[in-house]
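Letters A, B, ... mirror the listed sequences (proteins, then strands); counts begin at 1.
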Amino acid sequence: MTTTHPCRSDISLCPLGTKSAPERELVCIFGTGDLGRSLGQRLLQTGYRVVYGSRRPHSCDPLPQGAQVMSHTEAAQLATVVIACVHREHYDFLEAAAPQLKGKVLVDVSNNSEKGLYPESNAEYLQSLLPEVSVVKAFNTISAWSLQNGSSDAHRQVYLCGDSADAKQAVRELATSLGLSVLDRGCLSAAREVEDFPLQLFPQWRLPLCLATGLTAFFFFYLLTRDVIYAYVEKDKDISFRIMVSLANKVFPIVSLIMLSLCYLPGVLAAFIQLYRGTKYRRFPDWLDRWMLCRKQLGLLALGLAFLHVLYTLLIPIRYYVRYKIAENVVSVIRENRTTVFDTTVAWRSDSYLSMGILGFVLFVLLGITSLPSISNALSWREFSFVQSKLGHLTLFFCTLHTYLYGWDRFLRPSTYKWWTPPGYMLCLVVPSVVLVLKLLILLPCMDRSLGRIRQGWERRGPEGEGTKPLMA
Amino acid sequence: MTTTHPCRSDISLCPLGTKSAPERELVCIFGTGDLGRSLGQRLLQTGYRVVYGSRRPHSCDPLPQGAQVMSHTEAAQLATVVIACVHREHYDFLEAAAPQLKGKVLVDVSNNSEKGLYPESNAEYLQSLLPEVSVVKAFNTISAWSLQNGSSDAHRQVYLCGDSADAKQAVRELATSLGLSVLDRGCLSAAREVEDFPLQLFPQWRLPLCLATGLTAFFFFYLLTRDVIYAYVEKDKDISFRIMVSLANKVFPIVSLIMLSLCYLPGVLAAFIQLYRGTKYRRFPDWLDRWMLCRKQLGLLALGLAFLHVLYTLLIPIRYYVRYKIAENVVSVIRENRTTVFDTTVAWRSDSYLSMGILGFVLFVLLGITSLPSISNALSWREFSFVQSKLGHLTLFFCTLHTYLYGWDRFLRPSTYKWWTPPGYMLCLVVPSVVLVLKLLILLPCMDRSLGRIRQGWERRGPEGEGTKPLMA
Amino acid sequence: MTTTHPCRSDISLCPLGTKSAPERELVCIFGTGDLGRSLGQRLLQTGYRVVYGSRRPHSCDPLPQGAQVMSHTEAAQLATVVIACVHREHYDFLEAAAPQLKGKVLVDVSNNSEKGLYPESNAEYLQSLLPEVSVVKAFNTISAWSLQNGSSDAHRQVYLCGDSADAKQAVRELATSLGLSVLDRGCLSAAREVEDFPLQLFPQWRLPLCLATGLTAFFFFYLLTRDVIYAYVEKDKDISFRIMVSLANKVFPIVSLIMLSLCYLPGVLAAFIQLYRGTKYRRFPDWLDRWMLCRKQLGLLALGLAFLHVLYTLLIPIRYYVRYKIAENVVSVIRENRTTVFDTTVAWRSDSYLSMGILGFVLFVLLGITSLPSISNALSWREFSFVQSKLGHLTLFFCTLHTYLYGWDRFLRPSTYKWWTPPGYMLCLVVPSVVLVLKLLILLPCMDRSLGRIRQGWERRGPEGEGTKPLMA
């Protein structure tokens, strides 16, 4: 009999001995690769006995101390749970062990290198090969690395699926005792979905990224036309060098502000829909749901662009062009013997415009930090909503004000409208202004009160079925 | 019999079958709202059988696959554990099911929209309605959202309280098998406290925030008087525009430095108290304990203010006022045909003053990052104390030096003391200097040694009771 | 019989009663210090019964509600598991209780104040004192603080070691039911290692920190010679004040770029080794393995230095020296009646050089953020590799380009090579350029394809033993 550790096990504590007995179960692992080895080691560390099934039991890589190696058929016979750490290409040899596997639990941990390589999922394919085995898909989201140094900062989520409830139960217990958290995804038909998890590439970021790219492209060409091309055509001046910094520093803040407001617009819309319907129990339209789900991503992208804007702005005084302008300006003042007067209003305006920007950005960074998983987990429900809603709208307000102060009186000057097009910062003020106005409406006492009642579960039409009022949670 | 999933469950594995049997328990949920649905789904995913109790079993929202819906009384009869996902306003109907609930475990997950709405906690109220049921308060800190996508980044802490140890044990097992971590808060009388958790709004931040606000207000008006009003009264100049940036950029660093030092002062005081008492086993005075507990918050607020200071400083060259001054200065030099000489000492001073600031800020940011939960968890006890104590005091040293270099020789110039008041940066240097001096005293070999011995559990008065010396942990 | 809580426990639920019975086990704790108290409290909260063993049972500090206190011998008799929260210096009195402890599990939680104080580990020493007890080392990485507020942001990793598998199993169950995650480190001989965990000080940071220090020192003196000393010797000018900012702002970016490239070099080398060997199953040379393991630290240090570089750069316009230069320059222009012409090429170059820097830095910050534990856990395997590899090399590319643009045509000017030495930025371009070229080679279709196959488990020499091909995990 193999003990889990090469240490003396002579002390027998009856009460413990018996209690720990069921735990000391034997698990069989097919395949001695990275994941196979790590799984085995972790199982041994958690008090299981482990036996490996390998094609070359005598000539395979070093295995964790305390584990046995034998042929697949031998190994399969010993355990009720068999974990197949094998590539789909090598399933064939599993068929060889079919008789020994009959009626047992076969865990498929395989992943494919990319999506849609095969018609059906690996697990379903395996089940079709071995109809008399109850196949369970599991552990495919766990990496050998995270198993080895089972530190708290490892991806611990195991997704489970299979057609036999009992088999799943067995694997669930296995995973739980390894300190992993298990989530059941239902029948084996869900295996495809589960196998795609490790292959997915920022699904929730798709939409926001497309939006950001689209907006950036649009405003880039819009401003390119208004500034560079306009100057070239009308004034016959080549200021193309401005593309690198000046233009970028116009596009980024514009897109950032728009995206920030887009991340608070759905919330406001939802509130109005609820007010209109007089209940919170009817589903929102799909487009709104999808929009709501990517608010965090919208906000973070906006923060990234705001960060770019800040860096570009802070670098202004270092630019060759700016230094030249300033020097040239002073020189001209002297040569033409002009006198410059200090305008307090301009000072007020420029300073407060900068301050608003700073305050907005700092709050924005704060929002970003609180959206870090480890922070948001530590927040109570009320704290989280306070930060994301109250501070969020305050941030939006500061940033919008910052932009208005930047525009200042230029809104009225006709010279602003080159080729009858409004400058970028005017365009980008539309959405935020709308959001802020709507938000203000909602904050009106009357609106606020009824909205609160609705979110508490109150329904405008009658008290029937109040018994099943859900909790706000 | 309802299987947890609409899949074939024909394969029976005896050892597993029996072992998993107790897990496959039936749980009854009252209320089909968000939380009710999510809890049910999660229970099903974890291998429980779930039955819903609803007022309108036939006309209620879509429920998780595999769950049954029936009337409250029917549902209550089937399970030993009943979870009531119902608003306090709707407890009445629970009384109807009293006979069926008798002797069972009733879990109250309800929250109120704000504190102190009712004389007693919901759970106690429920217990008073159903004296023959053993009510347990639980799950009220868990959100439906986090249950649904049971990702590792969800608030997993369940607080438990109730008067029946067995009932609590049952709920504890339930919660644990859902992958939640349970903390027992004692008897049902603790329910009020537990129900307040989701409603609390940054309790540990209160004190530091008040402090920050108070200091900011004080120094704002202090500097407003010294700079703006003084200039207006004495020199009859309107420099009010400076409020937006110049003044802010004086107030923020001052408050930041004071708060940073305030976050290291208690530690030093504690050390001296321990040295004086010659033991570590006597409680510190309450005010010191409270102060110690909000050091992290003090530090983070200080970091925020330092961040503001950095941004304001970096924006200086962009300001209209500054550009005007510089230009004007050059113009005057030429018009008056003056010659400017380069002073190496000034260059040294200004550069080292800036460097100290930068180094201090970077270290400060590092401190902030290591105080992120996910980072500080990964640190060993010694690493954490190294960062927070050694690096912390180094940061304080850099920032203080930064301020001294800023002051430079102005400390001696009488012109500095407008209206016989010292400038802000002098005031803010008091506390940090004290802290640094005290810290230096502690670092003296003799002090350090005896302090170390005390923290190891050594007591100045005799060896009695050494058996119960605690561990440093 | 002691109930876990001073509450009524009259309701008996048979099914639950029986199931929870084994949980309500009695645990004995020796020592009533911080850790002893916290452990006891947590055990009580988790449903255990707790009895303390103390030398002065009647005159010891307040203990958690529901726990009993008695003499060591009495306490030891009651429980099968005894936790010794006692300093090694006080083990002697444990020997007194030897007869009562015989055949039981004795958990040693002690830590030493520094490494290598004693010849053997505390646990082994304890075992030698009590040969008939099965000593288990555990809980020494857990702090009293984290046990008390068992919040999710507490260090939860328990390392276990001992010679008796059953004893370890008992402690494992104890720890697991406390919500801690257990990792078995094998026999008691591993205790030394386990006891060193809380004492270790950034072991993986050693190498990168040394490297950073070395490089910084080298480049500091190199540039000191080239700039300051050169100017002093050849031009007889004292520009020593530049050390504080100008020099620092040359050294930091140089070291940063080199370290960033050093953190991607091993990956490229590994790829080439795999291509050369035609398999992924042979171990890399040790130096490469070690190098690979500290890539994250290399990158983060590089990010820190880059951050310093950014701050130093942004502060340039505020410097007294710079302002003086600019003013002086303007003055001279006027006095000598020169005319300055605006050079678009220079504008292009300086702007794009700044832009590259900004983009590089922002991407770099993004890399840093995604390396936060709480973020990287939320990423799928593919997402993580995408960010760290694709974005990482893009960052390196931007930063390298930034440096090349900084150098521009100066590479050709002989005046650049003072004392026949190349300027710093040229030296620091060597490694990154090499890395980028190698990376480009790997990205060639042919190379890429075969490398992909190898990483899928394909081996150049023959298909034998394909059955044991491991999974990519």
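Looking at Phe342(A), the atoms closer than 4.5 Å to chain B (heavy atoms on both sides) sit in the backbone and in the side chain alike. At a 4.5 Å heavy-atom cutoff, Leu160(A) makes no contact with chain B through either its backbone or its side chain. Of the atoms belonging to Thr313(A), heavy atoms from both backbone and side chain fall under 4.5 Å from chain B. In this structure, the portions of Tyr312(B) lying under 4.5 Å from any heavy atom of chain A include both its backbone and its side chain.
Remark: Thr344(A) OG1 to Lys237(B) NZ distance equals 11.0 Å, nearest 0.5 Å. With rounding to the nearest 0.5 angstrom, the CZ atom of Phe241(B) is 11.0 Å from the OG1 atom of Thr345(A). Atom CD1 of residue Ile318(B) and atom CG of residue Asp351(A) lie 11.5 Å apart, to the nearest 0.5 angstrom. Leu308(B) contributes atom CG, which lies 6.5 Å from atom CG of Leu359(A) (distance to the nearest 0.5 angstrom).
The interface of residues 327-336 of chain A with chain B, defined by heavy-atom distances below 4.5 Å, comprises Val330(A), Val333(A), Ile334(A).
Note on Asp343(A), Leu372(A), Val310(A): by heavy-atom pairs under 4.5 Å with chain B, the leading option is Asp343(A). Your options are Ile316(A), Val346(A), Ile375(A), and the one with the most heavy-atom pairs under 4.5 Å with chain B is Val346(A). For the set Leu201(B), Ile326(B), Leu94(B), Val245(B), the count of heavy-atom pairs under 4.5 angstrom toward chain A peaks at Leu201(B). The candidate with the highest count of non-hydrogen atom pairs below 4.5 Å against chain B, out of Leu314(A), Ile369(A), Ile358(A), is Ile358(A). Contact tally against chain A (heavy-atom pairs below 4.5 Å) for Gly36(B), Ser240(B), Ser38(B): the top residue is Ser240(B).
When all heavy atoms are compared, the tightest approach of Thr340(A) to Tyr324(B) is O-OH, 3.3 Å. Tyr320(B) approaches Val341(A) most closely through the heavy-atom pair OH-O, 3.7 Å. The two atoms that bring Pro317(B) and Pro317(A) nearest to each other are CB-CG, 3.9 Å, heavy atoms only. Closest heavy-atom contact between Gln200(B) and Glu383(A): O-CG, 3.4 Å.
Side-chain atoms of Ser355(A) come within 3.5 Å of backbone atoms of Met244(B) as a donor-acceptor pair (strictly under, hydrogens ignored).
The side-chain contact (heavy atoms from CB on, under 4.5 Å) search around Phe307(B) returns Phe361(A), Val362(A), Val365(A), Leu311(B), Phe361(B), not counting sequence neighbours.
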